[in-house]
There are 2 protein chains.
Amino acid sequence: MATTIKDIARRAGVSAATVSKVLNRKDAFIGEETRNRIWSLARELNYTPNSIARSLVTRRSNVIGIVVPDILNPYFTELVRACDDAARLRGYTTILCNSDGIAENEEAHLSFLAGHGVDGIVLSASDVVPNADLLRGLGIPFVSMDREIPMLDCLAATVDTDCRGGAFQSASYLIGKGHRRIAFLSGSAESSNTRLRLEGFREAHRRAGIAVDPELVRCGEFQHSFGHQATLALLAGTRFSAICCMSDMLALGATVALRESGLRVPDDCAVMGFDNIYLAPLLDRPLSTIDRRIFESGRIAIDALVDFLDGPERQRSAIVLETSVVERKTA
Amino acid sequence: MATTIKDIARRAGVSAATVSKVLNRKDAFIGEETRNRIWSLARELNYTPNSIARSLVTRRSNVIGIVVPDILNPYFTELVRACDDAARLRGYTTILCNSDGIAENEEAHLSFLAGHGVDGIVLSASDVVPNADLLRGLGIPFVSMDREIPMLDCLAATVDTDCRGGAFQSASYLIGKGHRRIAFLSGSAESSNTRLRLEGFREAHRRAGIAVDPELVRCGEFQHSFGHQATLALLAGTRFSAICCMSDMLALGATVALRESGLRVPDDCAVMGFDNIYLAPLLDRPLSTIDRRIFESGRIAIDALVDFLDGPERQRSAIVLETSVVERKTA
DNA sequence: TACTCATAAGTAAACGTTTACCTAAGCTGA
DNA sequence: TCAGCTTAGGTAAACGTTTACTTATGAGTA
């Protein structure tokens, strides 16, 4: 049986309210001696406040929910860690949910988080567009990262990476290196995310006066396996001297496929990634990629959310992060 | 303002208790019509139970806390995902804490989790030996993974990997391939974990009648950077034809160092990992390693914990997982 | 008729806090 | 002397549920 405020009150010969005031440092009108007695009892009895009871009355939990498609994907691992660190710094903790990119899962998680009284939610990229009615019904402030989102009262912020710009940089870099036939690998063709990136990719070609062969663009998912499989398919059907991948995992998959086919990276085929996950520089052949400041984006998202929660004015913010190319060994 | 049970009660013209009974399916003595009215109101008003209030009275939260050193480490990423999946299957959700291997952090997290009323905790490997008094004081059932732990009432289970056996397998495999001078890279020399692995490593040599050169064993941490640095140091001071690493990240670091030094893997030097993280087969040069059934271990830990929580008999279990060698391209 | 019994629902306390408001005592100053 | 302030602390309601216990109604039975 854990110690409660009442136990302390009884032992100290005061009321529970007094104990509460002292422990919460709202003790302007509490006597020196009483105050000390309470603190030392709290220590002695190893008192830990019951956050559940506290949340029930204050309607604040100091918990932020994070929903991502899959923590196993290194990009999300980093994002989650960044959010967790940032949240902790601001006095919040996080609770994580994996949606696997499935709409029903995501909705279930949202309800779960609401029921558990999280103060805010960060909703991270995936192709699923969350049910606006659900979000509105929850009424919990949230920040949206890298996804199309309906405008709602409880939308605290959007933080997006300039994916169009990132893809543009990647393709331009490759073109600058003399490549003329560049393959493009990305996630679902329907997502706005892929659409924007493809625009950036095309724009880079346009500026260089190069036509994009539709045969070279392959959309599917951001996973390793698709990178592997799509590269094999490309290799079988056409020729190209570089692959512009829209995630580092795609790039990893592509690299493996190239090696399996007896091609050397970057001599026979250059590979560019996207994300700059922390593994990228650690690989046997360090990956050239587009940095998207994962850690920073997590921190920014949390800061925006907490500012919204704590600040009375509740201003919405729209942040977009610029990317940059990181030259390593694969392109 | 979210819908509460009272809102439904008022609209349905019944008491809150009745609504609670219906919604919790303890409605043996509730009229058919009342029941229907309540359910349809719940749907219509989009009722989500307030878990906080519920937990306060039931003293059950259906939440399990997980504390790991660092989610960024792929081994823990997988473990956490495995635990989360397993927990969800059994009606629990998880809440994650990163301790960074720092004792104070871990203790703070433990208190936090207790205050938030988690039903159980899984405490995963790190060299920090948790404060027994703290654990006992919390009184929350926990399972300990891969760490030395004092025996306590609230210890629900221990799940350990047979690290001694794993190291033995790894070294034996390498010896079987003809290697005679094998370097050994592991984490902190003080941890029981490393001690056991070193024993296994030595045992394999003993059986083969090979002496272990102390110069070849290097302990530090399980991270990539140590693998890199230690390999460079080894290369500068002695010779060897294989490296037996006690984590896949160490192996990755070692591989990079070897390549930087112009050595080919496995021709000039073989490398064995340990863990079999999901990245291992996906690398440009798929990593040979020791599989430790990460996913399974997470599931087992959660199952043991939940069995302990749900079962009235509360039997403690001690599980040890066997390892196996996975032959790929680096050894 | 008067009892029991099943059915259907209500009452109220409890979980551990926080907080708005109240009280009581002592002191100050005119 | 007494209104009014300051200081120290108490009272009780509230947060949204759950649950043990109680009540009311009608039907069946002796």
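Reminder, nothing fancy here: chain letters follow the sequence lines and each chain counts from 1.
- The side-chain hydrogen bond (donor to acceptor under 3.5 Å, both in side chains) check on A:Ser51 picks up B:His116, with sequence neighbours excluded.
- For B:Thr93, there are no side-chain hydrogen bond (donor to acceptor under 3.5 Å, both in side chains) partners two or more places apart in sequence or in a different chain.
- Using a 4.5 Å heavy-atom cutoff, the side chains of B:Arg59 and A:Ile52 are not in contact.
- Counting only residues at least two apart or in different chains, salt bridge (Lys or Arg N to Asp or Glu O under 4.0 Å) contacts with residues 150-161 of chain A are absent.
- Taken over five-pair windows at either terminus, the axes of the helix from C:dT1-D:dA30 to C:dA30-D:dT1 are inclined to one another by 70° (rounded to 10 degrees).
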* To do: Summarise protein proximity over nucleotides 5-18 of chain D in one line of letters, 5' to 3': B for base, S for sugar-phosphate only, - for none, counting protein heavy atoms closer than 4.0 Å.
  => --SBSBB---BBBB
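- Within the structure, salt bridge (Lys or Arg N to Asp or Glu O under 4.0 Å) contacts touching residues 42-58 of chain A (residues at least two apart or in different chains) are A:Arg11-A:Glu44.
- Formation of a donor-acceptor pair under 3.5 Å by the B:Arg316 side chain with backbone atoms of B:Leu155 is found in this model.
- For A:Arg60 and C:dT19, the CZ to P distance is 12 Å, given to the nearest whole Å.
- No side-chain heavy atom of B:Pro74 sits under 4.5 Å from any side-chain heavy atom of B:Phe76.
- A donor and an acceptor atom, one from each side chain of B:Tyr92 and B:Asp310, are located under 3.5 Å apart.
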